[in-house]
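To start, the structure itself, in structure tokens.
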Amino acid sequence: MEQIPRNSGFALPSAYLSSTTSSFADFLRAEAPDLLPSKRSAGMGTSGGDLDAPHGTTIVASTFNGGVLIAGDRRATSGNLIATRDMDKVYVTDAYSAVGIAGTAGIALELVRLYTVELAHYEKIEGVSLSLDGKSNKLATMVRGNLDAAMAGLAVVPLFVGYDIEASDPKRAGRIVSFDVTGGRYEENAGFHAIGSGSVFAKSAMKKLYDPDADQDGAVRAAIESLYDAADDDTATGGPDIARKIYPSVVTITAEHGAVQLPTEETSAVAEAVVADRAAQQDWRS
């Protein structure tokens, strides 16, 4: 078999074989900066009014007895129009963490994909996973890297949830971390939080529905109810669409099963029950 000469141009550059950094984002910044989300968005315009890019809307998260969950509606909007009805905004990022995205959809999707690779790359290089604080700090750094685009109106705001396998109390090991566009990182200790255009309504609903001792099923029901309430008052948030079979996305994280995206069969059953109960309440009032 003919061998390829060492200097034939087919060999990988030495940087690709180096393990001097465990950060994939740092590697891209040095070797291919044009692939970073912040660089790819640099030419999209100088103000939010110049570009009507699709925006993701409402994400909710809550802890429960033995875990944490994150859920999102499926609608993306472009100005006053519905850009897509079935966008996924909630993603499993590693075995014990997940991220929900709001803001400029295209940049947010690239950021969360890069973040997922970042966590996997770190684990392969170091042989261990990042701590939960390390994961959220890493995401904060990536959000901060998008600041120039955010100043131009292309903001990305994620919501992070994770299960802390090192927590002293496994029943209270679920954690929620929010961010601002400058990369500010905030631990949410109330047990629930929401981001996006419908977050005010979703949080108001969660204040009444949240139960720290609820099991997973109860927490999923409360999250979907809060999204229903957000859709009721915020036109950018999509409610359960039974006719098109479009239902909220939900990821749960527990010690036993790790991060799992619930199948459509489960979320549809809960969403349809919520719609039926609300319809029954309306019939009773009338």
Side-chain angles (χ1 to χ4, degrees), residues 54-78 80-91 98 100-102 105 157 159 161 174 176 178 188 190-253 260-286:
H55 278 66
T57 47
T58 307
I59 305 292
V60 299
S62 74
T63 59
F64 56 88
N65 189 344
V68 63
L69 68 79
I70 188 165
D73 79 306
R74 304 287 296 280
R75 178 176 292 176
T77 59
S78 181
N80 66 322
L81 302 177
I82 297 174
T84 180
R85 300 178 188 275
D86 59 354
M87 174 184 171
D88 282 318
K89 308 175 196 171
V90 175
Y91 296 89
I101 52 174
V157 183
L159 186 61
V161 297
I176 303 169
S178 64
E188 300 297 340
F192 62 89
H193 193 64
I195 60 171
S197 63
S199 60
V200 173
F201 309 110
K203 285 179 72 175
S204 294
M206 286 299 292
K207 284 182 180 179
K208 301 176 179 66
L209 298 169
Y210 175 70
D211 177 6
D213 295 318
D215 60 10
Q216 178 176 303
D217 291 343
V220 170
R221 168 79 185 217
I224 290 179
E225 285 212 48
S226 69
L227 288 172
Y228 182 100
D229 286 338
D232 208 29
D233 289 298
D234 174 45
T235 57
T237 303
D241 192 335
I242 297 174
R244 295 184 176 90
K245 300 188 182 303
I246 300 172
Y247 305 98
S249 301
V250 183
V251 171
T252 61
I253 313 176
V260 176
Q261 181 139 16
L262 295 188
T264 302
E265 293 77 10
E266 291 188 34
T267 55
S268 64
V270 177
E272 289 174 10
V274 169
V275 172
D277 287 349
R278 296 300 179 91
Q281 291 177 12
Q282 189 65 36
D283 290 343
W284 178 81
R285 289 172 185 166
S286 58

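- Between the CD1 atom of Ile253 and the OG1 atom of Thr63 there is a distance of 12.0 Å, given to the nearest 0.5 Å.
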Item to check | side chain to side chain contact (heavy atoms under 4.5 Å, CB included) between Leu69 and Ser62, worked out | outcome: CA-CA 6 Å; Leu69 68 79; Ser62 74; 3.9 Å; yes
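- Residues Val251 and Ala98 approach most closely at CG1-CB, 3.8 Å, considering heavy atoms.
- Listed here is the closest heavy atom pair of Val68 and Gly174: CB-CA, 3.8 Å.
- Without hydrogens or angle criteria, Arg75 side chain to Thr235 main chain gives a donor-acceptor distance under 3.5 Å.
- Of the N and O atoms on the side chains of Asp73 and Thr58, not one donor lies less than 3.5 Å from an acceptor on the other residue.
- Ionic pairing of Arg278 and Asp229 is present here: one or more N-O contacts between side-chain nitrogen and carboxylate oxygen are shorter than 4.0 angstrom.
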Checklist entry - For Leu227 and Met206, what are the C-alpha separation, side-chain angles and deciding distance, and is it a side chain to side chain contact (heavy atoms under 4.5 Å, CB included)? => result CA-CA 9 Å; Leu227 288 172; Met206 286 299 292; over 6 Å; no
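- Side-chain atoms of Arg85 and Ile82, non-hydrogen and from C-beta on, do get closer than 4.5 Å to each other.
- Side-chain contact between Lys89 and Thr57 is present, with heavy atoms from C-beta onward closer than 4.5 Å.
- Listed here is the closest heavy atom pair of Ile195 and Ala102: CD1-CB, 3.9 Å.
- Expressed to the nearest 0.5 Å, how far OG of Ser268 lies from CG of Asp241 amounts to 12.5 Å.
- Between the CD atom in Glu265 and the OG1 atom in Thr267 there is a gap of 8.0 Å [rounded to 0.5 Å].
- The pair Asp215-Arg221 fails the salt-bridge criterion, with no side-chain N (NZ, NE, NH1 or NH2) lying under 4.0 Å from an Asp/Glu carboxylate O.
- Checked against Val90 for a side-chain contact (heavy atoms from CB on, under 4.5 Å), the options Ile70, Val161, Leu262 give a single hit: Ile70.
- For the residue pair Leu159 and Ile176, the shortest heavy atom distance occurs at CD1-CG2, 4.0 Å.
- The shortest side-chain heavy-atom distance between Tyr228 and Val275 falls under the 4.5 Å cut-off.
- The structure places CG of Asp213 at 12.5 Å from CZ of Phe64, a figure rounded to the nearest 0.5 Å.
- Here the straight-line distance linking atom CZ of Phe192 with atom OG of Ser226 works out to 10.0 Å at 0.5 Å rounding.
- Annotation: side chain of Thr252 is in contact with side chain of Val220 (closest heavy-atom distance under 4.5 Å).
- Residue Ser197 comes nearest to Ala236 through the heavy atom pair OG-CB, 3.5 Å, listed as atom of the first residue, atom of the second, then distance.
- Checked by atom type, the side-chain pair Tyr91/Ser249 shows no donor-acceptor distance below 3.5 Å.
- Shown here for Lys203 and Ala194, the closest heavy-atom pair between the two residues is CG-CB, 3.5 Å.
- No side-chain heavy atom of Gln261 sits less than 4.5 Å from a side-chain heavy atom of Val250.
- Of the listed residues (Glu266, Glu272, Arg74), just one forms a side-chain hydrogen bond (donor to acceptor under 3.5 Å, both in side chains) with Tyr247, and that residue is Glu272.
- Annotation: the span from Thr264 atom OG1 to Ile246 atom CD1 amounts to 10.5 Å, rounded to 0.5 Å.
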